[in-house]
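See structure below.
Atom set for the values below is all heavy atoms of this structure, side chains included, hydrogens, waters and symmetry mates excluded.
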Amino acid sequence: MRAIVIYATCEGQTERIAKRIAKVMTDQGVPTDTFDVTRRHVHELAVDSYDAVVLGSSLHYAEHDPRIAWCIRENRRLLRELPTAFFSVSLGIISEHYKDRVEAEWLAESFLRDEDFVPSRHACFAGALRYSKYGWLKKHLMQWIAEKAGNKTNTDCDYEFTDWNAVEAFAEEFANFVHRCRKETRPGLKPIEVRKPHRECVVRSTECSSTSPGCTCDPESPSGESEERSGELEECSGDSATCDGKCCQTIASE
């Protein structure tokens with residue numbers, strides 16, 4: 001059993017939230033990987049290697065990241081069969097104005113409706129004001145937005161508004177839900193020994209050479225090309241390994 005948090009981040013707060021969720025879920029007995037769609041092509045990700053999926057995106061200018069939307073569309077059938085969760089990160093959710101808070105929640109729900117995605121769990125978390133990472137224009141725009149919402153406006157400082165207790169409670173509850181689903185679908189299942197409690201992600205193998213250490217290609221495959229491996233990689237070891245006669249590749253965690 002393994003889960004993954006797929007996320008899109010801009011200044012890094014969504015990434016911090018995603019990694020906290022992964023850590024809590026791992027601590028709760030659901031080993032969880034992470035994948036940042038802003039750094040790698042999402043088509044490389046072997047989503048079908050996982051038993052549960054969490055998706056998250058920051059909300060900027062009333063839009064969620066289109067790469068998360070693409071990931072949902074490409075894996076819609078699979079996601080309907082798995083325990084899933086979604087989280088949205090924005091500043092509107094902590095605005096002193098009720099209208100802004102409602103709008104932040106509405107935008108998250110509208111995004112899910114547009115993508116025809118009904119996650120098992122979903123939540124909205126407050127993000128951060130990273131003035132030190134903004135350019136001149138965005139710094140003053142974010143200052144204006146923050147002032148309008150009644151938040152901090154000193155551009156010489158960074159501010160974090162994330163409620164980490166809420167994030168951890170969300171991750172813990174979802175991990176428990178995954179366990180319950182696992183028991184209902186496969187009664188009597190014994191725990192799997194986890195050699196690597198965390199890694200960044202499982203990706204599909206795109207290249208394979210007969211000289212690659214520990215990597216075996218299908219001799220009957222045209223031009224010696226490897227087959228894609230979409231199963232779990234608990235049977236593998238190292239950066240590349242052979243699973244059931246197929247070439248697999250993992251990405252080491254940071």
Side-chain angles (χ1 to χ4, degrees), residues 4-22 34-45 47 53-76 78-80 84-153 155 158-163 166-167 170 201:
I4 188 167
V5 181
I6 307 169
Y7 65 94
T9 190
C10 287
E11 283 82 33
Q13 192 65 13
T14 302
E15 179 175 43
R16 293 190 65 195
I17 293 173
K19 290 189 174 181
R20 181 69 66 88
I21 290 173
T34 57
F35 187 91
D36 181 2
V37 300
T38 66
R39 295 178 182 172
R40 303 196 61 180
H41 293 297
V42 70
H43 68 264
E44 298 177 6
L45 181 61
V47 179
V53 178
V54 180
L55 297 117
S57 173
S58 54
L59 180 64
H60 281 278
Y61 310 115
E63 297 287 343
H64 290 88
D65 196 285
R67 287 161 290 196
I68 292 296
W70 186 92
C71 185
I72 292 173
R73 289 193 297 270
E74 288 297 304
N75 298 281
R76 183 175 289 119
L78 174 65
L79 293 176
R80 288 173 176 169
T84 55
F86 174 80
F87 66 93
S88 173
V89 181
S90 68
L91 292 176
I93 201 67
I94 57 164
S95 173
E96 65 179 14
H97 304 300
Y98 175 75
K99 179 181 177 181
D100 294 339
R101 299 195 299 272
V102 170
E103 182 180 25
E105 294 180 353
W106 181 85
L107 287 170
E109 293 172 358
S110 178
F111 173 76
L112 297 176
R113 285 195 301 270
D114 290 345
E115 300 306 326
D116 192 22
F117 177 44
V118 183
S120 309
R121 302 288 186 275
H122 73 274
C124 294
F125 300 122
L129 282 170
R130 302 291 183 191
Y131 285 120
S132 62
K133 294 188 177 183
Y134 302 152
W136 184 88
L137 180 60
K138 186 171 183 178
K139 178 181 292 187
H140 287 80
L141 177 60
M142 294 303 294
Q143 182 186 33
W144 176 79
I145 294 174
E147 185 176 23
K148 182 180 177 182
N151 293 320
K152 308 295 184 180
T153 58
T155 58
D158 290 342
Y159 302 92
E160 182 178 87
F161 303 100
T162 305
D163 183 343
V167 172
F170 172 79
C201 60

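- Across every non-hydrogen atom of Tyr131 and Thr155, the tightest pair is CB-O, 3.4 Å.
- In this structure, Tyr7 and Lys19 have side chains that are in contact, with non-hydrogen atoms separated by less than 4.5 Å.
- Here the CG atom belonging to Leu45 is positioned 4.5 Å from the CD1 atom belonging to Ile4, to the nearest 0.5 angstrom.
- The line from CZ of Arg16 to OG1 of Thr9 is 10.5 Å long, rounded to the nearest 0.5 Å.
- The 12-atom threshold is not exceeded at CH2 of Trp106, counting heavy atoms of other residues, nucleotides or ligands nearer than 6.0 Å.
- Glu103 meets the side chain to side chain donor-acceptor pair (under 3.5 Å) test with no other residue; sequence neighbours excluded.
- Side-chain contact between Val37 and Cys71 is absent, with no heavy atoms from C-beta onward closer than 4.5 Å.
- Using modelled atom types, no side-chain atom of Asp36 and backbone atom of Glu15 make a donor-acceptor pair closer than 3.5 Å.
- Considering CD1 of Ile72 and CD1 of Ile6, their distance stands at 9.0 Å, rounded to 0.5 Å.
- Nearest heavy atom pair, residue Leu91 against residue Gly127, reads CD2-C, 4.1 Å.
- Closest of all the heavy-atom pairs between Ile68 and Ala8 is CG1-CB, 3.8 Å.
- Between Phe111 and Phe117, the closest side-chain pair of non-hydrogen atoms is not below 4.5 Å.
- Panel note: side chain Ser58, backbone Thr14; no donor-acceptor pair is recorded below 3.5 Å.
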Residue pair Gln13, Thr162: steps toward the side-chain contact (heavy atoms from CB on, under 4.5 Å) verdict: CA-CA 9 Å; Gln13 192 65 13; Thr162 305; 2.8 Å; yes
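- A salt bridge is absent between Arg101 and Glu105: the closest approach of a Lys/Arg side-chain nitrogen to an acidic carboxylate oxygen does not fall below 4.0 angstrom.
- Using modelled atom types, no side-chain atom of Ser57 and backbone atom of Ser88 make a donor-acceptor pair closer than 3.5 Å.
- A perpendicular orientation is assigned to the rings of Phe170 and Phe87, their planes being inclined by more than 60° (bins at 30° and 60°).
- Of all heavy-atom pairs spanning Ala104 and Ser90, the tightest one is CB-OG, 3.8 Å.
- Looking only at distances, no side-chain donor or acceptor of Thr84 sits under 3.5 Å from a matching main-chain atom of Val53.
- When each of His64, Arg121, Glu115 is paired with Phe86, the side chain to side chain contact (heavy atoms under 4.5 Å, CB included) condition holds for His64 and for no other.
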For Arg80 and Asp116, run side-chain contact (heavy atoms from CB on, under 4.5 Å): C-alpha distance rounded to whole Å, both residues' side-chain angles, the deciding distance at 0.1 Å, then the answer. CA-CA 10 Å; Arg80 288 173 176 169; Asp116 192 22; 2.5 Å; yes
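- Residues Ala126 and Ile94 come closest through the heavy atom pair CB-CG2, 3.4 Å.
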